[in-house]
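In what follows, a structure is listed as structure tokens, so that the remarks can point back to it.
Because only heavy atoms are used, hydrogens play no part in the values below, and waters and symmetry mates are left out as well, while side chains stay in. Just so it is clear, the structure is predicted and the values come from calculations on it, not from any experiment.
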Amino acid sequence: MKKVLLPLLLAITGVATAQENVLQYVKPITGTMRMGHTYPGATVPFGAVQLSPETDTIPYEMNGKYNPDVYKYCAEYQYEDKTIVGFSHTHFSGTGHSDLGDFLIMPTTGELQLNPGTADHPETGYRSVFNHNTEVSEPGYYKVKLEDHNITAEMTTSNRVGFHQYTFSENGTAHIILDMMSNIYNYENKNVWTYIRVENDTLVTGFRQTNGWARTRIEYFAMVFSKPIQHYGHRNYAKDVYRGFWRKFDQFHDFPEMAGKQIRAYFDFQTTPGEKIKIKMALSPVSTTGALKNLQAEIPGWDFDQVKRDAQQLWAKELNKIHIESASREEKENFYTAMYHAFINPTTYMDVDGAYRGLDMNTYNTNGYTNYTTFSLWDTYRALHPFFNVIQPSRNADMIRSMMAHYEQSAQHMLPVWSHYANENWCMIGYHSVSVIADAIMKGNAPFDTHKALDACVTTARHRTYDGLGYYIDKGFIPEDKEGSSVSKVLEYAYDDWCIAQVAKKLGRQEIYDEFIKRSLNYKNVYDRSTGFMRPRLSDGSFKQNFDPLQTHDQGFIEGNAWNYSLYVPQYPADMIEMMGGKKQFAQHLDSLFTMELPDKYFAETEDITRDGIIGNYVHGNEPSHHVVYLYNHTGQPWKTQDRVRMILRKMYHPGPDGLGGNDDCGQMSAWYIFSSLGFYPMCPGSDQYELGSPAVDKATLQLENGKTFVVDVKNQSDKNVYVQQVLLNGKPWKQLAIGHSDIMNGGIITFVMGAKPKDYTK
């Protein structure tokens, strides 16, 4: 009797059943085709290791020029490819530029081949044909059949250790190739130095230093085999002029030290049918000793299945922080895949003992917090970090501590812009660490020195030599004839400055507030009333001629055009709307954005924008537009926000390799999906308000870190019932178009009553 009543009781009370396996809904393969730039391999939440297949070896340059084909391989995996080159241990998820791809391993049989071969002729190298029919991609686990060698490859991970399991089908000699030349966004001189040391017949250690997006990146490893190595060796493909006196040895066969810029090593074993060779590779940012400590602490044994179970339990723990109910399996797959992608980055960057390498190349210890790296802040400040403030507040606080450590170690005395692996790569514009810090402080998630954090924000924002800031400070705009992408920079600086002002006001720092609230109005200086668009200005103050608001190239914007970027004043929506003609005219402008036709020529010269991510002239595949649909709330037409949100959810996301309309950008595209399908969105991080939209789930229960729950309950939910008829907060009618952060974090229930026709429920 109890077995019957318990599920019924849980269903009536709305309590999530612990038995549901949410991992079944996660499809890591989503976004691996075309522009998504995700990877299908194994990792754990926020893990330092991302063990994933690479499907080609496209170089960054050809004949001294940039090779545009490399852009498809930011994660080094494209679903439409037919071959696998090997499995490397570090990858970015969903980025629009790349690096990493450390320590590629490939198992082979037959004649030893140390050249990867080509996609057209894989038989000329160690790569192998594969088929998606034998491919399994799950959270924390990846499996595929390497057909040319008849080897089943499986992999899983802990935080800092990648665990390989290769099952061989024949008697004979097996080769495990360790390719130290392989890099993502590779070119001839990317390796600064590599080193391999055979410590004994099962343990190999080493490191690699590269000069890429991160120009002084060093990664160490410790690799251990499940059976003794029979023979080993390497080839050095570098054209070294000086080789010292090492010629006294045969360095290339069974010699325990291998060093050079361009090395491929091999390790030979005798195998029998069905035999498994297992490999554990631990990474460290500090030393091979640190890598060994990580290995011994995280995966001391050889039980592959147990490590897989542990990895998937970690994923289940994180994914179960939100339990959704939906009649649509596709909705569940979209939602939990989005959560999976949102919880990949930022990544852990320290050893188990807290040691990590700083920007100044010295070794530090966190003394109690987790140090993170991989900060794609131009993307992730918009929704990912605000999402963490709701569902991962402790991690987000540690991420800010990591940013503060970056600031203290920075030679420029600046917070991170786009940083990874103890390097600043300066990609994209703005100084959006400011937004992340402000959002946490304004929402009460700031267990750190807030005055010190504000000082770091101010110092960063006053750095006159950074990307046109001197012009911005002196003139209130950036001349396009002095600095490209000038309008985008002004708009994003102005928003960041508003964030600084909010924190200064909260902390009672009046002089700082006065300075930065004034700077936050600089968006007005690039608005051209004659055209109704933001427009670049020149040194003499005049607007740039030959202006085309549809063009994405050479018009003062980056990864967007004037139509989209002119809407980027999230800190002052009412003032922006008034400036652009008032609510009625502005709403018509938004309508046109979604319904007009954008010819291909207008984004032909922009890698990050393709037809996949465009609705009309609204570019969802790029971040500057992610807040735009919620602006209808400020025009007196909230039903258009509701309708457009549901349209975007349908058109831009679905389970499958081509399921993302643009780069996932370290989880930003996915965070937009999560918030929007829950029915609320942080249009202006740094504010404690969330705009209300149209929830796509039937019900969602958020398990908050403070022990409380926040429930989103949606009545009359369907694909046609996209319009909100009524909102109740904790049982009482809610007439506002936004809710506060405290409304969520205090726990409770928000109820949306849906219908098929528009209604202004605020009246």
Side-chain angles (χ1 to χ4, degrees), residues 342 345-346 372 375-404 406-407 415-418 430-458 460-461 492-507 509 512-513 516-517 520 568-573 623-624 626-627 630 665-668 670-672 674-676 678 680-691 702 704-706 710 738-745:
N345 298 112
Y372 289 96
F375 289 114
S376 180
L377 292 164
W378 184 81
D379 309 292
T380 57
Y381 83 87
R382 304 169 196 266
L384 184 69
H385 285 283
F387 179 56
F388 291 162
N389 275 327
V390 175
I391 213 72
Q392 299 276 8
S394 294
R395 289 188 193 271
N396 199 63
D398 278 1
M399 292 168 190
I400 292 173
R401 291 185 178 99
S402 304
M403 294 177 189
M404 289 299 297
H406 176 116
Y407 168 79
L415 289 162
V417 174
W418 208 128
Y431 30 87
H432 296 308
S433 290
V434 164
S435 173
V436 175
I437 292 170
D439 196 55
I441 292 175
M442 299 307 291
K443 290 173 178 172
N445 181 32
F448 46 80
D449 187 332
T450 54
H451 285 274
K452 189 175 181 180
L454 175 59
D455 290 341
C457 292
V458 169
T460 299
E492 296 196 23
Y493 290 160
Y495 160 74
D496 285 334
D497 291 343
W498 178 87
C499 290
I500 293 174
Q502 304 315 298
V503 174
K505 183 177 182 180
K506 183 170 184 174
L507 299 183
R509 307 277 292 273
I512 293 175
Y513 173 80
F516 283 91
I517 201 68
S520 73
Y568 190 78
V569 191
Q571 70 273 31
Y572 297 120
E623 280 66 25
H626 276 192
H627 70 292
Y630 290 94
D665 283 316
C666 290
Q668 168 57 27
S670 293
W672 190 97
I674 295 165
F675 269 127
S676 294
L678 291 175
F680 54 95
Y681 185 81
M683 189 182 80
C684 183
S687 160
D688 67 349
Q689 296 293 294
Y690 299 86
E691 300 287 327
L702 283 64
L704 304 176
E705 202 171 90
N706 60 14
F710 183 71
I739 58 172
H741 185 69
S742 61
D743 294 321
I744 298 170
M745 303 310 290

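Atom NZ in Lys505 sits 8.5 Å away from atom CE in Met442 (nearest 0.5 Å).
Leu384 and Gly667 get closest at one heavy-atom pair: CD1-O, 3.9 Å. Nearest heavy atom pair, residue Tyr513 against residue Ala504, reads N-CB, 3.6 Å.
The main-chain N or O of Ala383 is found under 3.5 Å from a side-chain atom of Gln668 such that the two form a donor-acceptor pair.
The side-chain contact (heavy atoms from CB on, under 4.5 Å) test applied to Met745 returns Val390, Leu704, Asn706, His741, not counting sequence neighbours. The ring-ring contact (aromatic ring centres under 6.0 Å, His included) test applied to Phe448 returns no partner, not counting sequence neighbours. Under the side chain to side chain donor-acceptor pair (under 3.5 Å) criterion, Ser435 pairs with Tyr495, sequence neighbours left out. Not counting sequence neighbours, Lys506 has no partner by the salt bridge (charged side-chain N to carboxylate O under 4.0 Å, His left out) test. Evaluation of the side chain to side chain donor-acceptor pair (under 3.5 Å) rule for Gln502 yields no partner, not counting sequence neighbours. Residues passing the side chain to side chain donor-acceptor pair (under 3.5 Å) test with Glu691, sequence neighbours excluded: Asn633, His634. Under the rule for a salt bridge (charged side-chain N to carboxylate O under 4.0 Å, His left out), Asp496 has no partner lying at least two apart in sequence or in another chain. With sequence neighbours excluded, the residues that form a salt bridge (charged side-chain N to carboxylate O under 4.0 Å, His left out) with Asp398 are Arg401. Taking Asp449 as the reference, nothing meets the salt bridge (charged side-chain N to carboxylate O under 4.0 Å, His left out) condition, with sequence neighbours excluded. Looking at residues two or more places apart in sequence or on another chain, you find a side-chain contact (heavy atoms from CB on, under 4.5 Å) between Ala461 and Tyr431, Asp497, Ile500, Phe516, Arg519. For Ser376, the side-chain contact (heavy atoms from CB on, under 4.5 Å) partners are Asp379, Thr380, Trp418, Cys666, not counting sequence neighbours.
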- Task: Begin from the C-alpha positions of His406 and Leu415 and carry the test side-chain contact (heavy atoms from CB on, under 4.5 Å) through to its verdict.
- Result: CA-CA 6 Å; His406 176 116; Leu415 289 162; 5.8 Å; no

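Side-chain N/O atoms of Glu623 and Trp672 include no donor and acceptor closer than 3.5 Å. Using modelled atom types and a 3.5 Å distance limit, the side chains of Ser676 and Tyr630 yield a donor-acceptor pair. Side chain to side chain, Ser520 and Tyr572 meet the donor-acceptor criterion of an N or O pair below 3.5 Å.
The list of side chain to side chain donor-acceptor pair (under 3.5 Å) pairs with a residue in residues 680-689, not counting sequence neighbours, is empty.
Salt-bridge formation is not detected for the pair Arg382/Asp665: no Lys NZ or Arg NE/NH1/NH2 atom is positioned less than 4.0 Å from an Asp or Glu carboxylate oxygen.
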